Amino acid sequence: SQKMLPYALLFISSSLAASYDEILDVGGFTDSAAKVVTAKVKSQTAFEKDGLIYTKVSLDVKKTWMGPRNRITHINVVGGTYGDLTLTVSGAPKFETGEDTLLFLDDNQIIGFGQGAFAIKDGRATRDLDNPMDEGPQDFDLKDTLPDEEVARDCLETKVWEDYDDGWSLRTLDASSAGEGEMQAYPITLMQGLDYKFLSCTDEKATSVSITIYDEDGNVIENVNEDGREALLEFRAVETEQVYLTVEATVEDEVKQVGTSVGILYK
């Protein structure tokens, strides 16, 4: 028969649970997360460290919604069964091997202790996990709700490769996410005599995209606003100067955040 851990150890483990004074919504998850992925649980292995039991959850990442594309291979979750000892911590998610999950992560740790873990059912994130959180978002559509940096980046990369054939060189390519009224700002130095292309793509949730170049005093040098999810601003630098490039996407009212990408080309 399995033994439960001593009460003192359970008390210590409860301190690992982030305070639930703040229950996050989806916007809170995306603001706090460095990485958002959907993944299949490949296997689970319990281990002991510093007197506590953890479970190593091995993952097969299917999609990266936010964050760098470097693939994570596993996360560690407090709790599990190691030998004849079992540690259960309220709010810590328990996964089933073979199931699909949505994870909001920071430093490969689940955001908000157990808050940032969801099961996936028919394209929707649900709390159908063992030992689930009963507060916060319970059910939402992934594609309609999450910013998709992967789609935004793929759109932009296609355009960048086309411009390579015309003699353009890539200076920067970046992907991030933003909500309505939020600008992505990039300080850059323009070199006299060079031609520049500033490109942006979003995921499918944007209704328009604007690209603006400001001087150091905040004055608009050049601006373009395009309907849809793509924008291009071409510019020739007549002098070497420090400027600020901003990108802003317009989204529908119910959309919290949209994935955006920015590319800077020159020749």
Side-chain angles (χ1 to χ4, degrees), residues 17-18 20 22-46 54-81 86 88-106 108-154 175 177 179 202-206 251-259:
Y20 295 128
E22 181 183 10
I23 302 299
L24 300 175
D25 58 14
V26 176
F29 289 135
T30 54
D31 287 342
S32 302
K35 197 174 187 68
V36 181
V37 300
T38 53
K40 185 178 290 294
V41 178
K42 293 172 58 178
S43 63
Q44 301 183 75
T45 306
Y54 297 84
T55 297
K56 177 182 177 181
V57 182
S58 297
L59 302 170
D60 180 12
V61 174
K62 301 298 185 182
K63 181 177 179 62
T64 301
W65 295 89
M66 286 178 55
R69 283 181 169 178
N70 57 306
R71 286 186 175 268
I72 61 170
T73 58
H74 71 276
I75 57 172
N76 295 329
V77 180
V78 65
T81 298
T86 295
T88 300
V89 180
S90 177
K94 297 179 181 177
F95 301 96
E96 292 185 11
T97 300
E99 77 175 336
D100 293 324
T101 182
L102 171 69
L103 299 171
F104 294 84
L105 303 171
D106 186 25
N108 287 3
Q109 299 294 314
I110 298 173
I111 292 291
F113 190 55
Q115 290 188 59
F118 296 82
I120 299 176
K121 306 292 183 184
D122 299 322
R124 300 189 68 84
T126 74
R127 288 297 190 188
D128 294 338
L129 296 171
D130 192 10
N131 197 21
M133 289 287 300
D134 57 4
E135 297 181 90
Q138 301 292 316
D139 184 350
F140 59 89
D141 184 273
L142 274 65
K143 187 174 181 180
D144 291 342
T145 307
L146 296 177
D148 196 335
E149 294 178 9
E150 188 171 77
V151 165
R153 182 187 290 271
D154 288 344
S177 57
T202 73
D203 64 30
E204 294 91 341
K205 294 186 288 297
V251 300
E252 298 179 358
D253 291 341
E254 65 273 13
V255 175
K256 302 299 183 184
Q257 287 188 313
V258 62

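It should be emphasised that the depicted structure is a prediction, and the values quoted were computed from it without experimental measurement.
- Judged by distance alone, with hydrogens and angles left aside, the side-chain atoms of Arg127 form a donor-acceptor pair with the main-chain N or O of Ala117 at under 3.5 Å.
- In this structure, Thr30 and Pro147 have side chains that are in contact, with non-hydrogen atoms separated by less than 4.5 Å.
- Between Asp60 and Lys40 there is no salt bridge, since none of the side-chain N atoms of the basic residue sits less than 4.0 Å from a carboxylate O of the acidic one.
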Side chain to side chain contact (heavy atoms under 4.5 Å, CB included) evaluation trace for Leu146 with Met66: CA-CA 9 Å; Leu146 296 177; Met66 286 178 55; over 6 Å; no

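- Heavy atoms only, all atoms of each residue included: Gly67 and Glu149 are closest at N-OE1, 3.0 Å.
- Applying the 6.0 Å contact sphere to CD of Glu204 captures more than 12 heavy atoms from other residues, nucleotides or ligands.
- With a 4.5 Å cut-off on side-chain heavy atoms, His74 and Leu59 do not count as touching.
- At least one donor-acceptor pair closer than 3.5 Å links the side chain of Thr101 to the backbone N or O of Phe118.
- Side-chain contact between Thr38 and Asp100 is absent, with no heavy atoms from C-beta onward closer than 4.5 Å.
- Residue Leu103 forms a side-chain contact (heavy atoms from CB on, under 4.5 Å) with just one option from Asn108, Ile75, Ile111, and that option is Ile75.
- If you take CD1 on Ile72 and OG1 on Thr64, they are separated by 8.0 Å, rounding to the nearest 0.5 Å.
- Taken to the nearest 0.5 Å, the CG atom of Leu129 stands 10.0 Å off from the CG atom of Leu102.
- Proximity of a side-chain donor or acceptor of Gln115 to a complementary backbone N or O of Leu24 within less than 3.5 Å is detected.
- Considering NZ of Lys143 and OG1 of Thr145, their distance stands at 12.0 Å, rounded to 0.5 Å.
- Between Asp25 and Phe140, every side-chain heavy-atom pair lies at or beyond the 4.5 Å cut-off.
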Candidate pair Ser43 and Thr97, rule side-chain hydrogen bond (donor to acceptor under 3.5 Å, both in side chains), full reasoning: CA-CA 6 Å; Ser43 63; Thr97 300; over 6 Å; no

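- How far CD1 of Ile110 is from CZ of Phe29: 10.5 Å, rounded to the nearest 0.5 Å.
- Under a 3.5 Å cut-off, the side chain of Arg153 and the backbone N or O of Asp148 do not form any donor-acceptor pair.
- Note: Phe113 CZ to Ser90 OG = 8.0 Å, rounded to the nearest 0.5 Å.
- More than 12 heavy atoms of other shown residues, nucleotides or ligands fall within 6.0 angstrom of atom NZ in Lys63.
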CA sep, side-chain torsions, deciding dist, call: Glu96, Val41, side chain to side chain contact (heavy atoms under 4.5 Å, CB included): CA-CA 7 Å; Glu96 292 185 11; Val41 178; over 6 Å; no

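- Judged by distance alone, the side chain of Thr55 and the main-chain N or O of Gly79 form a donor-acceptor pair under 3.5 Å.
- Using a 4.5 Å cut-off on side-chain heavy atoms (C-beta onward), Thr126 and Ile120 make no contact.
- Residues Val77 and Pro93 form a side-chain contact, since some pair of their non-hydrogen atoms from C-beta on lies under 4.5 Å apart.
- Asp122 places none of its side-chain heavy atoms less than 4.5 Å from the side chain of Arg124.
- Side-chain atoms of Lys205 never come within 3.5 Å of backbone atoms of Gly259 as a donor-acceptor pair (strictly under, hydrogens ignored).
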